[in-house]
Asks: 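I have a structure here, written as structure tokens, and I will follow up with some questions on it.
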Amino acid sequence: MKEMPSDRFGVRMRQFCKEHEAYVARELAEKGASQRLLKIHLEKLRWLQHERLIHLLVVIMTVLGELFSILLLLDHPETNPAAAFLALVLGVLLGFYFVHYFFLENTTQHWYRIAETIMERLDETAQPLRKEG
């Protein structure tokens, strides 16, 4: 039985994605494309899409909070110190969220290409070679 990974404090997405891509590359090199490999990849792609959706919603909510704090900063000068601090904190948080969302979006697009590669290789092995004549 495979040892369970220690992810009590969250999954490290970059490591998770890197390990999956290495697994797919190794399977393609050693065994070739298979329905099993495609099924595993598409399932993990769905997980990644879900993660991306959740982070998009978090980014949108954080942007709204940032806009609210800026509006508060500009509209109510008496709240300047608190609103400025809130705007600064949310701005820094947004920077990190944008970087992570950028990673999730690009990885999702990359995994679409991996799925296409697996499907193309499956088609090649399923189609008998025809003689052109």
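We count residues from 1, following the sequence as given. Side-chain atoms are counted along with the backbone in the values below, which use heavy atoms only and exclude waters and symmetry mates.
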Asks: Report the residues that fulfil side-chain contact (heavy atoms from CB on, under 4.5 Å) with L90, sequence neighbours left out, ordered by chain and then residue number.
Replies: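 So L90 forms a side-chain contact (heavy atoms from CB on, under 4.5 Å) with T62, E66, S69, L86, L93.
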
Asks: Treating Ile, Leu, Val, Met, Phe, Trp and Tyr as nodes and any side-chain heavy-atom pair under 4.5 angstrom as an edge, say whether V59 and L48 lie in one connected cluster.
Replies: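 No; tracing contacts between hydrophobic side chains, which count when under 4.5 Å, never links both residues.
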
Asks: Could you go through the side-chain contact (heavy atoms from CB on, under 4.5 Å) check for W47 and H50 one step at a time?
Replies: CA-CA 5 Å; W47 296 351; H50 180 262; 5.7 Å; no

Asks: Apart from L72 itself, which Ile, Leu, Val, Met, Phe, Trp or Tyr residues share its cluster (side-chain heavy atoms under 4.5 Å, direct or through members)?
Replies: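 Reading the cluster by chain and number, L72 sits alongside F68.
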
Asks: Please check if L64 and L53 belong to a single hydrophobic cluster, counting links between Ile, Leu, Val, Met, Phe, Trp and Tyr side chain heavy atoms closer than 4.5 Å.
Replies: no

Asks: In terms of heavy-atom contacts, does CE of M119 have more than 12 from other residues, nucleotides or ligands at under 6.0 Å?
Replies: yes

Asks: Report the residues that fulfil side-chain hydrogen bond (donor to acceptor under 3.5 Å, both in side chains) with H20, sequence neighbours left out, ordered by chain and then residue number.
Replies: H41

Asks: Answer with yes or no whether the hydrophobic clustering places I60 together with Y101; edges join I, L, V, M, F, W, Y residues whose side-chain heavy atoms lie under 4.5 Å apart.
Replies: yes

Asks: Show me the side-chain donor-acceptor pairs of residues 22-38 shorter than 3.5 Å, one per line, residues at least two apart or across chains.
Replies:
{"from": "Y23", "atom 1": "OH", "to": "R36", "atom 2": "NH1", "distance (Å)": "3.2"}
{"from": "S34", "atom 1": "OG", "to": "L37", "atom 2": "N", "distance (Å)": "3.1"}

Asks: Can you get from L67 to Y97 by hopping between Ile, Leu, Val, Met, Phe, Trp and Tyr side chains that sit under 4.5 Å apart?
Replies: yes

Asks: Without placing hydrogens or testing angles, list every side-chain donor-acceptor pair under 3.5 Å for residues 103-115, not counting sequence neighbours.
Replies:
{"from": "E105", "atom 1": "OE1", "to": "R52", "atom 2": "NH1", "distance (Å)": "3.1"}
{"from": "E105", "atom 1": "OE2", "to": "R52", "atom 2": "NH1", "distance (Å)": "3.3"}
{"from": "E105", "atom 1": "OE2", "to": "Q109", "atom 2": "NE2", "distance (Å)": "3.0"}
{"from": "N106", "atom 1": "ND2", "to": "F102", "atom 2": "O", "distance (Å)": "3.4"}
{"from": "T107", "atom 1": "OG1", "to": "F103", "atom 2": "O", "distance (Å)": "2.7"}
{"from": "T108", "atom 1": "OG1", "to": "L104", "atom 2": "O", "distance (Å)": "2.7"}
{"from": "H110", "atom 1": "NE2", "to": "E21", "atom 2": "OE1", "distance (Å)": "3.4"}
{"from": "W111", "atom 1": "NE1", "to": "E21", "atom 2": "OE2", "distance (Å)": "2.8"}
{"from": "Y112", "atom 1": "OH", "to": "Q49", "atom 2": "NE2", "distance (Å)": "2.7"}
{"from": "R113", "atom 1": "NH1", "to": "E116", "atom 2": "OE1", "distance (Å)": "2.7"}

Asks: For L74, what are the other residues in its hydrophobic cluster, where any two members join if their side-chain heavy atoms are less than 4.5 angstrom apart?
Replies: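 Cluster partners of L74: I70.
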
